[in-house]
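Protein chains get the first letters and strands the later ones, always in sequence-line order, with residue 1 at the start of each.
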Amino acid sequence: MSLNSTAFLPFLLAVFAAAALGGPRWRWAVLLGATAAFCASLGPPSLLILLGSVIVESWGFALAIDRVQEPARTRLLRLGVAVNLGALILVRSSGAVAAIGASFYVLQVVSYLVDVRDGVAPAERHLGRYALFLTFFPKFVQGPIERAGGLLAQLNEPRPLSAAEVAAGAKLVAWGLFQKVVVADRLAPLANAVFDDVGRWHGLPLAIGTYAYAAQIYFDFAGYTDLALGVGLLFGVRLTQNFDAPYLAASVAEFWRRWHVSFSSWLLEYVFRPLQLALRGARTWGTPAALLMTFLVSGLWHGGRAGFVVWGLLHGLYLAVSLLLRRPWARLLASLRVRGTAVARVVQIGLTFHLVCFAWIFFRASSIADALRIVSNLGGGLVASVGAVARGERWDTLLFLGQGRAGFVFAIGLVTGAALLRPLFRSATLVEPPSLSRLWSLARPAVYAAVLYLLLFAGTATRSFVYEQF
Amino acid sequence: MSRLGGIGGHGARLAVFFVCLELAARIDDAVNYGAPLFSRYDYWTLLDRDDGGVPHNVPGARFEKWKINSLGFRGEEIPTAKAPGDRRIVCVGQSESFGLYEREGGEWPALLGRRLGAVRPGVRIVNASVVGAGRRSREAYLEKYVLPLRPDVILLVTNPYNEATAALQLAEMPGAQPPTVGGGGTIRAAQPRILRKLRLRLAEVVPERVVVAVRSWWLRRRVREAERTTLAGYPALDVLPEDAVASFEEHLRRVVRRVQRMGARPVVATYPTLVDSSNVARYGNHLENERVWNVRLSERGLIDAAGKLNAVSRRVAEDLAVPLFDAAAAVPRTTEFFADGVHYTDAGAERVAAAAYETLDRAGALGEPGPLTLREATSER
């Protein structure tokens with residue numbers, strides 16, 4: 001049972017009813033039971049066995065760390081991290097179904113053990129609440145990666161359900177589903193047309209396929225996250241926000257403050273900072289080296305495929321180079337008298353977006369050879385294909401990628417609509433209503449109707465989420 | 001006052017929400033099916049009656065996957081004039097041949113046409129079936145709508161449930177009005193289209209058992225209502241009376257001769273039904289839908305009618321020495337092939353098309369073969 005499956009809605013309603021009847025005191029038990037049922041629906045019993053082992057073992061490690069003093073604390077921490085990362089590497093490399101969600105909950109275990117060692121979070125004594133913290137069903141498969149100070153604290157102090165939270169949660173669930181099953185899944189055929197048959201294309205189609213994938217992966221992952229956040233709100237739980245209009249970032253560093261935030265902040269805290277500290281002797285090259293290594297880890301976390309590693313290294317390289325060129329770049333903008341202007345920001349947003357898209361090619365392509373062929377053919381045929389399109393020639397192939405005009409225009413319309421309508425469905429705080437202009441307020445019922453209609457009748461057959469594989 | 005204003009505001013927003021939902025449904029229909037935005041759009045716009053009361057398809061009409069060509073037949077356009085050397089095989093049936101549950105282009109006459117297209121390029125299948133058409137108008141329909149096509153072969157498909165009911169009606173009420181076909185006056189342009197879409201979507205996501213149970217309950221209600229208004233306290237018949245059987249036989253013989261007089265070669269078909277006495281315990285609930293339209297016969301009566309009238313079709317074909325298309329023997333009686341008591345799934349339509357091809361081929365009704373055999377054409381595809 002996936003969050004976008006038809007079986008999930010009745011499941012969610014049943015859990016909501018049970019949680020509402022059970023009240024705050026027993027909510028953890030209802031949610032834990034629901035999580036067990038959800039996980040059982042995902043895979044074989046080995047998934048539950050692995051999950052149970054990780055829960056009990058990491059819970060025990062945290063309690064043990066909490067009881068001893070340094071240097072035993074750090075030794076225990078290292079052992080705990082090694083055991084969990086070892087388990088992660090083992091199940092991921094085996095390709096077993098039991099690996100579902102492991103990349104996310106193991107990172108959560110690591111951060112929890114570190115936080116307990118550092119005294120940032122107390123060791124949780126209640127095994128049930130700890131198990132729920134690790135595996136809470138809406139975030140189990142794809143995160144967000146939660147910190148003990150956020151989610152565990154909320155589970156320990158449950159509040160009565162509020163109508164505002166439930167209403168905001170329901171709205172977010174609908175919006176998340178819309179982004180996934182209507183927008184992302186409509187973009188998938190465009191991206192797949194290019195990436196599944198790389199040798200067929202030259203120039204513009206490769207660019208369109210790459211843009212389509214950039215949009216697909218965003219709406220897919222952001223859709224999942226909003227769905228998870230919405231489900232959390234239905235039970236009075238506020239999960240971490242993972243996306244904040246990442247393609248409007250004016251630098252790659254800003255992109256990572258807006259994209260998969262729970263993961264990037266985890267990397268910053270538990271990989272980059274220790275590395276930066278360790279490499280501080282290398283002066284100018286220390287931080288860039290730490291960035292490269294951090295994003296190498298990021299690539300490896302996605303899997304052993306060379307494309308993921310190159311994708312991670314590219315991002316590390318972008319950040320390292322931008323750090324090294326920060327001053328010359330600032331001087332260049334100042335000399336052009338555009339520093340801090342809207343023009344400079346627009347140019348930087350465009351540049352950042354294309355750097356990110358370039359890295360997506362390696363992330364999505366089936367092999368490095370395919371990715372390199374895309375890069376080579378993209379540059380080679382771009383002028384000719386743009387010229388042909390400008391002359392009105394071969395639009396069906398060059399522009400619509402053989403998917404038909406209607407499908408292409410519909411996909412563009414959906415992306416534009418989803419970008420414009422986002423403020424109607426989620427405010428910055430999620431629960432408080434967004435401040436809208438009078439026009440938007442008046443248009444709101446019409447927009448809700450349109451989104452609901454598209455959700456019900458324009459959704460594609462269920463596709464799995466892109467990040468489910470990690 | 002402000003409370004009232006608040007309630008009014010919510011009410012207005014709710015009204016705007018539903019109006020927009022309906023508008024979205026209409027725009028969707030307009031974009032995907034070329035449906036009119038503000039006038040009537042439903043299944044029954046496909047059908048009409050002419051001045052003589054003969055039900056026929058409306059030329060150029062379209063509702064969702066169902067498209068009527070400019071001559072008033074389901075399927076692709078066909079030239080009005082028949083080219084020399086061309087052969088036209090016209091299927092004259094009801095909803096089972098017109099197509100209901102199959103994917104677009106998956107109704108059996110269309111499948112038969114595609115099978116023939118590769119191996120017999122000069123042979124064209126015309127699907128002249130009309131939903132709900134029956135005995136009262138069959139001969140007039142053949143004269144008015146089928147004869148102008150200059151058909152070489154006419155494949156006659158008769159629904160035994162409807163034929164039995166028609167025979168009973170004629171026997172008991174000679175002056176009775178024909179049953180309503182098309183022009184469903186209760187359906188108005190203002191009827192919300194979103195409701196039908198929601199119902200269909202709901203049926204897709206709700207477990208099949210629930211859908212079957214709800215549908216069964218609804219059909220039982222309709223059957224009870226029909227029994228109350230039609231049977232007036234008399235029990236439904238468990239056995240189709242012999243005079244009704246004889247009446248159908250006389251009608252079928254007359255139609256076959258009429259087709260022969262038209263210069264076409266008739267092919268008489270038996271009629272596949274899902275339920276017979278061997279599987280009634282398993283699929284009996286599928287007869288509820290048939291009983292809504294044929295309430296004079298009980299479930300046992302329907303099974304009896306299907307058996308008897310199919311036997312009549314076989315006998316008439318043999319007596320008059322015309323080819324028999326034994327469709328009833330070609331389709332296994334399971335829900336893999338039937339979507340309800342008489343309508344086919346895609347798999348069922350495939351079976352019927354294959355059987356029809358064999359019958360026509362064996363009967364020499366296809367004319368000279370083309371350059372490829374069916375097997376060769378299929379393997380080339």
| Heavy-atom contact with chain A under 4.5 Å, split by part of Ala15(B) | neither

| remark: Bottom line for Ala450(A): the part with an atom under 4.5 Å from chain B's heavy atoms is neither

| message | What verdict does the ring-ring contact (aromatic ring centres under 6.0 Å, His included) test give for Tyr33(B) and Phe63(B), after you've listed the backbone C-alpha separation in whole Å, the side-chain angles of each residue and the deciding distance to 0.1 Å? | response | CA-CA 7 Å; Tyr33(B) 305 116; Phe63(B) 177 67; 7.7 Å; no

| query | Using a cut-off of under 4.5 Å for heavy-atom pairs, which of Val19(B), Leu23(B), Leu198(B) has the most such pairs with chain A? | reply | Leu198(B)

| request: Name the orientation class of the two ring planes belonging to Phe140(A) and Phe38(A) (parallel below 30°, tilted from 30 to 60°, perpendicular beyond 60°). | output: perpendicular

| request: Look at Ile27(B), Leu21(B), Leu14(B) and state which one has the largest set of heavy-atom pairs under 4.5 Å with chain A. | output: Leu21(B)

| Name the one of Arg220(B), Arg215(B), Arg221(B) that satisfies salt bridge (charged side-chain N to carboxylate O under 4.0 Å, His left out) with Glu288(B)? | Arg220(B)

| task | Take atom CD of Glu393(A) as the centre, draw a 6.0 Å sphere, and report whether it contains more than 12 heavy atoms from other residues, nucleotides or ligands. | result | yes

